[in-house]
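Presented below is the structure to which this report refers.
Throughout, residue positions are numbered sequentially from 1 according to the sequence presented. Every value quoted in this text rests on a predicted model; they were computed, and no experiment measured them.
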Amino acid sequence: YPTEGQLIWNVNTTLACGAKGMQYFLAFQPLHFAYAPNGTYDFTRNSFFGSVGNVNQWYYYAQKVNKQIDAIDEILMKAYNVGVIASDSVKGDFEGNAMLIESGEFHQLKGVRGEGLVGCFEYEGKTALYVVNYSTAKAGDVIIDLNDTHEMNVIQRGKAATATAQHLSIHLEAGEGVLVTFT
């Protein structure tokens with residue numbers, strides 16, 4: 001049973017790797033999924049909605065991450081995923097993975113610090129980065145180091161803001177993702 005951080009991490013790492021769609025399993029709990037080990041029924045054990053129509057915790061987790069997806073989908077749907085860059089602390093999880101950009105650099109991006117994974121995209125002739133907290137259990141800062149000071153649009157938790165930095169530090173909840181585009 002995924003925690004909030006695990007479910008959100010799963011969605012955001014998938015987006016960082018270039019997914020163009022998302023499907024959740026299960027939205028509605030079939031009655032046979034409600035059978036509990038003790039011979040009773042448990043309508044809260046899985047799915048967004050239990051067999052009796054109740055709302056379960058995963059519904060709220062999906063609502064939270066879907067707010068971010070809604071804010072960024074117009075960009076990511078038109079973007080081409082070139083690969084991912086992993087910070088040193090998580091790079092081992094991508095050993096031998098063809099998606100990993102071994103140099104750790106992509107256009108303006110020169111490095112990633114913290115516990116982060118960055119999806120690297122080409123978007124209408126510009127750079128887009130999807131920065132994800134790779135931890136499913138704790139909040140943390142992911143820092144993206146750039147080749148110079150740049151002006152960027154940042155979409156986090158469904159809200160857009162601007163930033164100007166050479167070393168952009170982003171505070172992320174467990175599994176959270178943020179879209180950074182260069183202006």
Tightest non-hydrogen contact, residues K91 and E102, listed as NZ-O, 4.1 Å
Exam field: side chain S47 to backbone A27, donor-acceptor pair closer than 3.5 Å: no
Transitive ILVMFWY side-chain link L7 to L172, under 4.5 Å: no
Hphob cluster co-occupancy, V132 + I143, side-chain heavy atoms under 4.5 angstrom: no
Side chain to side chain contact (heavy atoms under 4.5 Å, CB included) between N54 and T44, intermediate numbers included: CA-CA 8 Å; N54 56 299; T44 64; 3.8 Å; yes
Do V142 and R113 come close enough that some side-chain heavy atom pair is under 4.5 Å? no
How many angstroms lie between CG in D73 and CD in Q68, if you round to the nearest 0.5 Å? 10.5 Å
Does the side chain to side chain contact (heavy atoms under 4.5 Å, CB included) test come out yes or no for Q166 and H150, once each step is laid out? CA-CA 6 Å; Q166 184 171 359; H150 293 277; over 6 Å; no
Of F33, F48, F49, Y59, which meets ring-ring contact (aromatic ring centres under 6.0 Å, His included) against F28? F49
Side-chain heavy atoms nearer than 4.5 Å, only ILVMFWY residues, links allowed to pass through others: does that put L15 and W58 together? yes
Please assess N133 against S135 for the test side chain to side chain donor-acceptor pair (under 3.5 Å), listing each intermediate value before the final yes or no. CA-CA 6 Å; N133 177 359; S135 172; 4.6 Å; no
Measuring from atom CG of N81 to atom SG of C17, what distance do you get when rounded to the nearest 0.5 angstrom? 7.0 Å
Would the number of heavy atoms belonging to other residues, nucleotides or ligands and lying under 6.0 Å from CD of Q63 be above 12? yes
For the residue pair A16 and F121, what are the closest heavy atoms and their distance? O-CZ, 3.8 Å
Do T40 and N38 pair up side chain to side chain, a donor and an acceptor below 3.5 Å, judged on atom types alone? yes
Distance col, row K110:NZ vs D145:CG, nearest 0.5 angstrom, shows 11.0 Å
Do T181 and M152 have side chains that get closer than 4.5 Å, going by heavy atoms? no
Any luck finding a side-chain donor-acceptor pair between E4 and Q57 under 3.5 Å? no
How long is the span from the OH atom in Y123 to the CG atom in L179, to the nearest 0.5 Å? 9.0 Å
Do the non-hydrogen side-chain atoms of Q108 and F182 ever get within less than 4.5 Å of each other? yes
Identify the heavy atoms of V84 and G119 that sit nearest to each other, and give their distance. CG1-CA, 4.1 Å
Please tell me if the side chains of T136 and N10 come closer than 4.5 Å, counting only heavy atoms from C-beta onward. no
Stepwise, does the side chain to side chain contact (heavy atoms under 4.5 Å, CB included) test hold for D70 with K67? CA-CA 5 Å; D70 189 45; K67 183 177 179 183; 5.8 Å; no
Test item: T3 side-chain N/O and Q6 main-chain N/O as donor-acceptor pair under 3.5 Å: yes
Give a yes-or-no answer on whether the side chains of N66 and Y24 include a donor-acceptor pair shorter than 3.5 Å. yes
Ignoring hydrogens and geometry beyond distance, is a side-chain donor-acceptor pair present between E122 and H107 at under 3.5 Å? yes
Hey, what's the ring geometry for Y41 with F43, parallel, tilted or perpendicular (30° and 60° as the breaks)? parallel
Within the 4.5 Å heavy-atom criterion, are Y60 and V55 side-chain neighbours or not? yes
Can a donor-acceptor pair be found, under 3.5 Å and without considering hydrogens, that links the side chain of S87 to the backbone of G114? yes
Non-hydrogen side-chain atoms of V118 and Y130 separated by less than 4.5 Å: no
Result for side chain to side chain contact (heavy atoms under 4.5 Å, CB included) between I144 and one of V178, I85, V131 points to V131
Any side-chain heavy atom of M22 within less than 4.5 Å of one from V11? yes
Looking only at atom types and distance, does a side-chain atom of W9 sit under 3.5 Å from a main-chain N or O of A174, one as donor and one as acceptor? no
If you compare all heavy atoms of V154 against all heavy atoms of A163, which two are closest, and at what distance to 0.1 Å? CG2-CB, 4.2 Å
So which heavy atom on L26 is nearest to which on P30, and how close? CD1-CD, 3.5 Å
Working to the nearest 0.5 Å, report the span between OH of Y61 and CG of N56. 10.0 Å
Please tell me if the side chains of T127 and L109 come closer than 4.5 Å, counting only heavy atoms from C-beta onward. no
With a 4.5 Å cut-off on side-chain heavy-atom distances among I, L, V, M, F, W and Y, is there a chain of contacts connecting L129 to Y80? yes
Apply side chain to side chain contact (heavy atoms under 4.5 Å, CB included) to the pair K78 and E74, showing each step before the final yes or no. CA-CA 7 Å; K78 297 175 185 175; E74 187 175 313; 4.2 Å; yes
Working to the nearest 0.5 Å, report the span between CG of N153 and CD1 of I75. 7.5 Å
ILVMFWY network linking L100 to Y134, side-chain heavy atoms under 4.5 angstrom: yes
Return yes if some donor-acceptor pair links the side-chain N/O of Q29 with the main-chain N/O of S51 below 3.5 Å, else return no. yes
Got a sec: does the NZ of K20 have more than 12 other heavy atoms crowding it under 6.0 Å? yes
Salt bridge present between K64 and E173 (N-O < 4.0 angstrom): yes
